[in-house]
Each structure stands twice: as C-alpha cells, then as structure tokens.
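Read through the structure below, which is laid out as structure tokens, and then see the notes.
Below, read A as the first sequence line, B as the second, and so on, with proteins coming before strands; counting in each chain starts at 1. Predicted model, so just to flag it, every value in this text is computed and none were measured.
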Amino acid sequence: MPPLAEAAFYLGTEFMRTRFAPSPTGYLHVGGARTALFCYLQARASGGVFILRIEDTDLQRSTPESVQAILDGMEWLGLDYDEGPIYQTHRFDRYAEVIRQLLEEGKAYHCYCSKERIEALREEQMKAGLKPRYDGHCRDGAEPVAGVKPVVRFRNPREGGVVFDDLVRGRISISNTELDDLVIARPDGSPTYNFTVVVDDVDMAVTQVIRGDDHINNTPRQINIYRALGAELPDFAHVPMILGDDGARLSKRHGAVGVMQYREDGYLPQALLNYLVRLGWSHGDQEVFSLKEMIDLFDIRDVNRKASAFNTEKLDWLNQHYMKNLPAKEVADHLSWYFEKAGIDPRQGPGLEDLVPVQADRVKTLREMTDQSRVFYEDLQEFDAGAAKKHLRPVAEEPLRVVGSRLAELDDWNPESLNETVRLAAEELEVGMGKIAQPLRVALTGTAISPSIDKTLWLTGRERSLARIRRALEYVMARAAAT
RNA sequence: GCUCCCUUCGUCUAGCGGUCAGGACACCGCCCUCUCAAGGCGGGAACACGAGUUCGAUUCUCGUAGGGAGCGCCA
C-alpha cells in the first residue's frame, strides 16, 4: 500500500490515474457504466492507469452478488482495469491509522452527541429556515459520556471557503460556513465514505476523480480533508446523470437499467459503449466510434453539463449498425451465446457467419436474430394461419410444384443460382415474383416474413427446403380437396 | 427551507458574437422491391423567459421560471 507521500510522485505527470469506484449495492447500471467508460478512456488516452475500487464500507448494504455483478458488467463491456479490484473493507487498518493521525494532530475530534440530540438539532434548524448541520458541540473538547462510544468528526475549517475548477462544470465555490464537521468514523471505528474516498484517492495517487454529479456537494468537504492530510488535490470531473426514456430519473421501471440486462436483451457491448460515450459527449457530427477512436478523441473536458435521457431507439440503431458492420465472425461469436440460451443447436443449420449478414438487415438485436433464425435450425412446426390462408391457396400449387422440381434439379445450392432458378420458374409460369416467392416463403418458414427468397432457400438448405415444399404442396392439395 | 448545479428540434447533440442555427435517432413522404427490413432521396421539427453588455446575441453578464442534486454514524 503506497504511503501518502507517494502520491506526489504521480501528480503533475502526464500519466493520468483514474478510478471507477462503485458501491456494491446492486447491479452495474448504465449511469455507472458510462462513468466507468469515461474513467477508462481518460486513463487510456494518457497512457495512464485505470483502477477499479469497490466501495464496500457499508457492510449492511454491500453484497458479494453485487460485487460479482459489477465485475461481470465490466468484463462484458471490455473495460479492463490495470489495478484492482481494490476492496475498501480490506483497508480498514489504513483508515484507522489516518484517523488516529488526524486525532493526534487535532484535525479531528471525538463526539459524544447522541443521535437524538443531532436529530432534534436538525429539526430545529430546518424549522428556523436554516441548513441543518452539526453545531460543533463537541468540537472544543467534550467530556466523555459514560457508556457512549464516540464517533470521530472531522474538524472542518470555519473560515474561508473552497474553490475548485471542475473539469466539466468549471469553477465551483462554496463557503466553509456552509459545511459542518462530518463524521469520519462510526462508534465501532468503521470509516465513512467522504473520508475513505479521500484516503484511497490519495493513496492510489488518483489524478482525476471522475464521478457522478451527485458528488459535487461532497467535493468541498473532501477537499478540506485533502488539505488536512497535506495531500495535493486531484482534478475533479463531475459528469451528469442519465435519465430514463421519459426524462425522469432512471429507475427499475425503465426496464433494462442493469448493464447485463442489455446483454440479455441482445445488444452488443460495442453498441452500448458507443451509445454511452455519445451521451454527454460528442466529436463534431460523428456518431460511430470504435474503442480506439474513443480513446484517441475523448477528453473529459468536452463532456456536457446537462443530464441526458437514455433513448433506446438510438441504441437499437447503433446495435443494428454494429451487427451489420462488424466482422460477421465477431457478431456470430456473440450470437452463439443467444443460441445456446434459446436452446438452438447451431450445427443443425447454416453457419452463424452466413446467417449474420443476412439477418442483420432485418433485426435490431441479437435476441431478435435468434428468434427469427430458429426456423433454419429446427423442424417447422406449423404454418402461420394467416400466412397460409393468404399464400398457400390452390393457385399456389403449380408455382410450388414447378419451383420445387427446378430446385430439385439444381446442383449448386447458393444464393445466385437459387435466385436465378426462382426467377426462371416465374418466367416459365409467366407470373410475377410475388406469386411464386410468397407461397415459397410460407412453405419454407411458415410465415410471410423472411429474408429474400434466395437467401431463405440458401439458409434453409437443400434437403430441408425440398421437404418443406413437398409438405406445403400436400397442404395445398388437401385444402383444395376440402373445398 | 438552505447551498450547489443544469436549460439548443420529441431524444442525443454541433455551435465557442455576425450561421438560411448543422448532424444523428425517431417521425412523415417518395423511390427501390418477392415479404419484412435495409438502402437512397426529400420533409416537418429547437436556441425556456426577461433585462442588460455590444453595431450585433443561441453564444457574455444578471435576474425570473422550470428541473436536478446535496444538506446521514449511505455511498
């Protein structure tokens, strides 16, 4: 564990050290993911170090499942860190040491005030129209109260104020009279957030503290602690939060707020990353960014100050963009995860790499792609009633019979020859493509919707196609006989 | 209540004193077409309001309104 003094070595250098410091009280949500991405990009851009720190000092609310969820989310997104995960619960000795030091130097003091007293004080102040804060009752030496284990409070300066230049907000200033003496250690000695962040960021020599803007108000308090520790200040960057589609604060009712839920829903990590980086940040009119481009172009100072609403439709567009433009092999690798989940055996049909380019044009997510591709891997159950009623009528018998026999004679089962075969069959019958392609489509897929007929035949495969055409013919004839 | 922060099309944004206020998603129309898409072309759509500063404000300043966050022995 690096001593406080070591921080000075890093500060002021070109190499930035950033950290993402979530508290494990739930899954990794998109807001946190974006903050993590910004930290990651900023560190990578400078050739610096990206640290993952788990802020688990709240033993009540932290869970191992949440830690795992965060780790999983980071991994899926590909946000690899150079140091960590570092757990604050493993650093209690260090916090205790610094608390002792502050106590010895008179920069912190024991407070024996009861919660009841604090509560009453707060009510009184609120009623008087004041900002509730600790009144410093024990600040100048308090008599120990028998049977009461004291908390430790930080002795916040009463004079002056704090001014800092936030990398995204610009200059922010606040008077010390607005601040009070915050608790830095509970009666059992466990440290609290505003204190541990500072100790950690100093020890870990973090040079840019990038976090959500809900921490703006904590920053002046923390700066006072930096000063008490004689540590150099890092740069602060407070990024705005992300709102739901409806502009309201993101919550569970917005559906997929956990990063891994986006995976479940069929989004590529590249798409989500690209979407998130554009939320609050831009580079001219550019919409699509590879990770490399993000690293090269991103600068935390260009981030907007306004909260932005999450727009799933735009994410859909990006997701489809990546499904269409990433190497088919790469998309196919992701797709296989969904196939497995859906219980589809990819060996029972066309190669995923052949499937992807065909389906990418017509779906927004890998999940949809999976659902719409099942027909190429499994036996056809039954015809969609509406589609069959409309297209598998007696008039379809001849087209199906002719195209079926022409296809049976075909040697090369590839999109080009298949297209040619169907086209020639239509010519031979002197009908438009629609008259032959639609019945054929229903025969092959059971529905009136599928990729172009040549691709559909190709993906369905020779044997399976011919068998399905025969079956459709039987259906048509049975129907004709019934009338 | 107090403190801090925010405000360009429905949404994400460009803009950094003089622009017909640009792009993207979504939406609408047309084209293409074997279905659904994808694609191409075109269209509607924004500077919250009020004062200043200035020859000139979307841009700078101050208010107003609206919104957010914090005010924990949570992080």
Side-chain angles (χ1 to χ4, degrees), chain A residues 21-25 55-58 60-62 88 111 113 115 118-119 122 125-134 150-153 166 169-170 172-175 177-180 182-188 190-194 196-197 211-221 238 240-241 243 245-247 249 275 278-288 304-318 320 324 359-364 372 387 391 419 422-423 426 432-442 445 447-454 456:
Chain A
S23 61
T25 53
E55 310 227 323
D56 55 354
T57 51
D58 185 342
Q60 306 300 317
R61 301 197 305 161
S62 300
Q88 290 192 318
C111 170
C113 293
K115 283 192 175 186
I118 302 294
E119 190 54 46
R122 183 172 303 139
Q125 289 167 324
M126 287 280 263
K127 207 184 297 173
L130 296 170
K131 183 172 176 172
R133 48 192 204 266
Y134 182 62
V151 298
V152 177
R153 283 185 188 272
D166 192 281
R169 303 290 167 145
I172 293 174
S173 59
I174 186 165
S175 165
T177 57
E178 295 299 329
L179 274 21
D180 65 357
L182 68 154
V183 171
I184 58 175
R186 305 181 181 95
D188 64 1
S190 64
T192 61
Y193 167 74
N194 280 111
T196 57
V197 239
R211 65 202 347 176
D213 66 4
D214 47 335
H215 289 283
I216 287 186
N217 292 292
N218 289 325
T219 307
R221 301 170 173 286
H238 289 95
M241 61 182 219
L243 275 20
D245 285 79
D246 54 4
R249 201 178 174 180
Y275 179 72
R278 281 284 291 101
L279 230 43
W281 177 82
S282 62
H283 182 258
D285 288 339
Q286 190 171 345
E287 294 289 350
V288 177
N304 277 164
R305 293 184 284 272
K306 189 180 61 165
S308 38
F310 195 96
N311 184 209
T312 307
E313 283 166 341
K314 187 156 184 181
L315 206 213
D316 284 343
W317 174 76
L318 273 168
Q320 183 173 46
K324 281 161 53 175
Q359 295 284 231
D361 273 350
R362 50 208 355 102
V363 295
K364 301 292 188 190
Q372 297 195 17
H391 300 292
N419 187 45
V422 177
R423 200 181 59 76
M433 277 292 273
K435 289 273 185 286
I436 187 163
Q438 279 306 85
L440 189 50
R441 172 167 283 114
V442 178
T445 69
T447 73
I449 297 172
S450 84
S452 61
I453 203 63
D454 51 347
T456 299

Please give the distance between the [atom1] atoms of [N] and [M] as a whole number of Å.
N: B/G44; M: B/A65; atom1: P; answer: 36 Å
N: B/G66; M: B/C27; atom1: P; answer: 34 Å
N: B/U61; M: B/U13; atom1: C1'; answer: 26 Å
N: B/G68; M: B/G29; atom1: C1'; answer: 40 Å
N: B/A24; M: B/G40; atom1: P; answer: 10 Å
N: B/C47; M: B/C9; atom1: C1'; answer: 10 Å
N: B/C16; M: B/C60; atom1: P; answer: 11 Å
N: B/U64; M: B/G72; atom1: P; answer: 26 Å

Side-chain N or O of [X] versus OP1/OP2 of [N]: is the shortest distance under 4.0 Å?
X: A/Ser308; N: B/U13; value: yes
X: A/Lys115; N: B/G72; value: no
X: A/Asn304; N: B/A14; value: yes
X: A/Arg122; N: B/G72; value: yes

Using nucleotides 58-64 of chain B, report all nitrogen or oxygen pairs with the protein that are shorter than 3.5 Å.
none

Round to the nearest Å and state the distance from [X] atom [atom1] to [N] atom [atom2].
X: A/Lys131; N: B/A69; atom1: NZ; atom2: C1'; value: 11 Å
X: A/Arg61; N: B/C73; atom1: CZ; atom2: C1'; value: 13 Å
X: A/Asp246; N: B/G10; atom1: CG; atom2: P; value: 16 Å
X: A/Asp180; N: B/C4; atom1: CG; atom2: P; value: 16 Å
X: A/Arg278; N: B/G23; atom1: CZ; atom2: C1'; value: 9 Å

Between A/Asn217 and A/Gln88, which residue's closest nucleotide on RNA chain B lies nearer the 5′ terminus?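 The residue closer to the strand's 5' end, by nearest nucleotide, is A/Asn217.
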
Report the residue (A/Glu287 or A/Thr57) whose heavy-atom-nearest nucleotide on RNA chain B is the more 5′ of the two.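 This one resolves to A/Glu287.
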
Answer yes or no: is there a donor N or O on one side and an acceptor on the other, between the side chain of [X] and the main chain of [Y], under 3.5 Å?
X: A/Thr196; Y: A/Tyr193; value: yes
X: A/Gln372; Y: A/Ser450; value: no
X: A/Asp316; Y: A/Lys364; value: no

The side chain of [X] is closest to which nucleotide in this list: [options]?
X: A/Glu313; options: B/C73, B/C71, B/C25; value: B/C25
X: A/Glu55; options: B/G70, B/C73, B/A75; value: B/A75
X: A/Arg221; options: B/C6, B/C71, B/A75; value: B/C71
X: A/Pro187; options: B/C73, B/C25, B/A69; value: B/C73
X: A/Lys314; options: B/C6, B/G23, B/A14; value: B/G23

side-chain contact (heavy atoms from CB on, under 4.5 Å) involving [X] - partner list, sequence neighbours excluded:
X: A/Ser173; value: A/Val163
X: A/Lys314; value: A/Tyr275, A/Arg278, A/Glu287, A/Asn311
X: A/Pro220; value: A/Val162, A/Phe164, A/Ile174, A/Leu179

Tell me, please, which residues at least two apart from A/Tyr134 pass ring pair (Phe, Tyr, Trp, His ring centres under 6.0 Å).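 None.
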
Taking all heavy atoms of A/Asn218 and all of A/Asp214, pick out the closest pair and write down the distance.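 Scanning both residues completely, I find the closest heavy atoms to be ND2-O, 4.3 Å.
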
Work out which heavy atom in A/Ile453 is nearest to a heavy atom in A/Arg441; give both atom names and the distance.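 Answer, listing the atom of A/Ile453 first, then A/Arg441: N-NH2, 3.4 Å.
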
What is the nucleic acid contact for A/Ser173, judged by heavy atoms within less than 4.0 Å: base, sugar-phosphate only, or nothing?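 Here A/Ser173 touches the backbone only, sparing every base.
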
Between A/Arg221, A/Arg153, A/Arg133, which is the residue that forms a salt bridge (Lys or Arg N to Asp or Glu O under 4.0 Å) with A/Asp180?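 That would be A/Arg221; it is the only one of A/Arg221, A/Arg153, A/Arg133 passing the salt bridge (Lys or Arg N to Asp or Glu O under 4.0 Å) with A/Asp180.
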
Considering every strand shown, what is the Watson-Crick or G-U wobble mate of [N] when both distances are under 3.5 Å?
N: B/U35; answer: none
N: B/A14; answer: none
N: B/C62; answer: B/G50
N: B/U3; answer: B/A69

Could you tell me if A/Gln125 and A/Arg122 have a donor-acceptor pair between their side chains, going purely by distance under 3.5 Å?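 Absent: no donor and acceptor within the cut-off.
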
Could a donor-acceptor pair under 3.5 angstrom be found where the side chain of A/Gln125 meets the base of B/G1?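 A donor-acceptor contact between them is absent.
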
With B for base contact, S for sugar-phosphate-only contact and - for none (protein heavy atoms under 4.0 Å), nucleotides 30-46 of chain B reads ----BBBSSS-------

Before giving the answer on side-chain contact (heavy atoms from CB on, under 4.5 Å), spell out for A/Asp58 and A/Thr25 the whole-Å C-alpha distance, their side-chain angles and the decisive distance to 0.1 Å. CA-CA 9 Å; A/Asp58 185 342; A/Thr25 53; 5.8 Å; no

